[in-house]
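Heads up: the structure comes next, in structure tokens.
Quick note: numbers below take in every heavy atom, side chains included, and nothing from hydrogens, waters or symmetry partners.
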Amino acid sequence: KSSLMAEATATVTEKFVSDKALKKSALDAAIDALKGGAGADPVQTAFVKFFKDKAAAAKKSGDDSEEAAQREALIAKMNGVAKNEGFFFTFDANGKPQAA
């Protein structure tokens, strides 16, 4: 989560640093908020757009390497528990128990 937030912050910051129109709209929105207005926040909008784009890209991606890594870690933990508790089985790479 923290790496995703850091990436979002870096991306949004880069957009605002490189685009004068975005800077101006953020400044105008801040001034309007100080005056009591309820205008749209361009910074929040940029973050929302980043996360929507990231979610769409993740949906399109057929890459399940993160799931595979989490599965491997879980199986390793289960095998550690089985060994420590003296079970007569371990789990193979697919998560199926096998006699030790």
Side-chain angles (χ1 to χ4, degrees):
K1 291 180 182 180
S2 62
S3 63
L4 185 60
M5 196 60 195
E7 182 183 353
T9 303
T11 302
V12 170
T13 302
E14 176 59 34
K15 281 183 181 179
F16 278 85
V17 167
S18 62
D19 190 348
K20 288 187 179 188
L22 284 175
K23 279 185 196 178
K24 182 174 178 354
S25 68
L27 181 61
D28 291 344
I31 291 170
D32 187 44
L34 290 173
K35 290 180 178 179
D41 182 4
V43 176
Q44 180 184 10
T45 304
F47 273 100
V48 169
K49 183 180 180 330
F50 171 83
F51 286 115
K52 282 183 180 179
D53 292 346
K54 197 72 163 169
K59 231 179 198 182
K60 282 184 180 179
S61 173
D63 182 23
D64 64 346
S65 60
E66 186 175 339
E67 285 182 25
Q70 287 178 350
R71 184 180 181 90
E72 282 181 33
L74 179 62
I75 291 172
K77 286 179 184 178
M78 291 188 321
N79 280 330
V81 169
K83 182 178 178 182
N84 288 339
E85 296 296 324
F87 293 165
F88 296 108
F89 62 89
T90 58
F91 296 95
D92 66 5
N94 293 324
K96 294 182 181 178
Q98 296 189 343

Is the backbone of [Y] close enough, under 3.5 Å, to the side chain of [X] for a donor and an acceptor to pair up by distance?
X: Asp92; Y: Asn94; result: yes
X: Asn79; Y: Phe91; result: yes
X: Thr13; Y: Ala10; result: no

Worksheet entry | Aromatic ring pairing Phe47/Phe51, orientation class (parallel under 30°, perpendicular over 60°, tilted between) | parallel
Discussion item. Just checking Gln44: does its CD atom have more than 12 heavy atoms from other residues, nucleotides or ligands closer to it than 6.0 angstrom?
Written reply: no
Worksheet entry | 4.5 Å side-chain heavy-atom contact, Arg71 and Ile75 |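 The answer is yes; the side chains approach within 4.5 Å.
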Practice prompt. Please report the closest heavy-atom contact between Pro42 and Ala29, naming both atoms and the distance.
Written response: CD-CB, 3.5 Å
Item to complete: Please name the pair of heavy atoms, one in Pro97 and one in Phe89, separated by the smallest distance, quoted to 0.1 Å.
Response: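 Nearest heavy atoms, Pro97 then Phe89: CB-CD1, 3.9 Å.
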Worksheet item: When rounded to the nearest 0.5 angstrom, what distance separates OG1 in Thr9 from CZ in Phe50?
Response: 8.5 Å
Worksheet item: Roughly how far apart are Thr45 OG1 and Lys49 NZ, rounded to 0.5 Å?
Response: 11.0 Å
Worksheet item: Given the rule in the side chain to side chain contact (heavy atoms under 4.5 Å, CB included) test, do Leu27 and Lys23 qualify, once you have shown the distances and angles that lead to the verdict?
Response: CA-CA 6 Å; Leu27 181 61; Lys23 279 185 196 178; over 6 Å; no
Discussion item. Please determine whether residues Met5 and Val43 belong to a single hydrophobic cluster, defined as Ile, Leu, Val, Met, Phe, Trp and Tyr linked transitively by side-chain heavy-atom distances below 4.5 Å.
Written reply: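 Yes: a chain of side-chain contacts under 4.5 Å links Met5 to Val43.
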Discussion item. Please tell me whether Val48 and Leu22 are part of a single hydrophobic cluster in this structure, the criterion being side-chain heavy atoms less than 4.5 Å apart.
Written reply: no
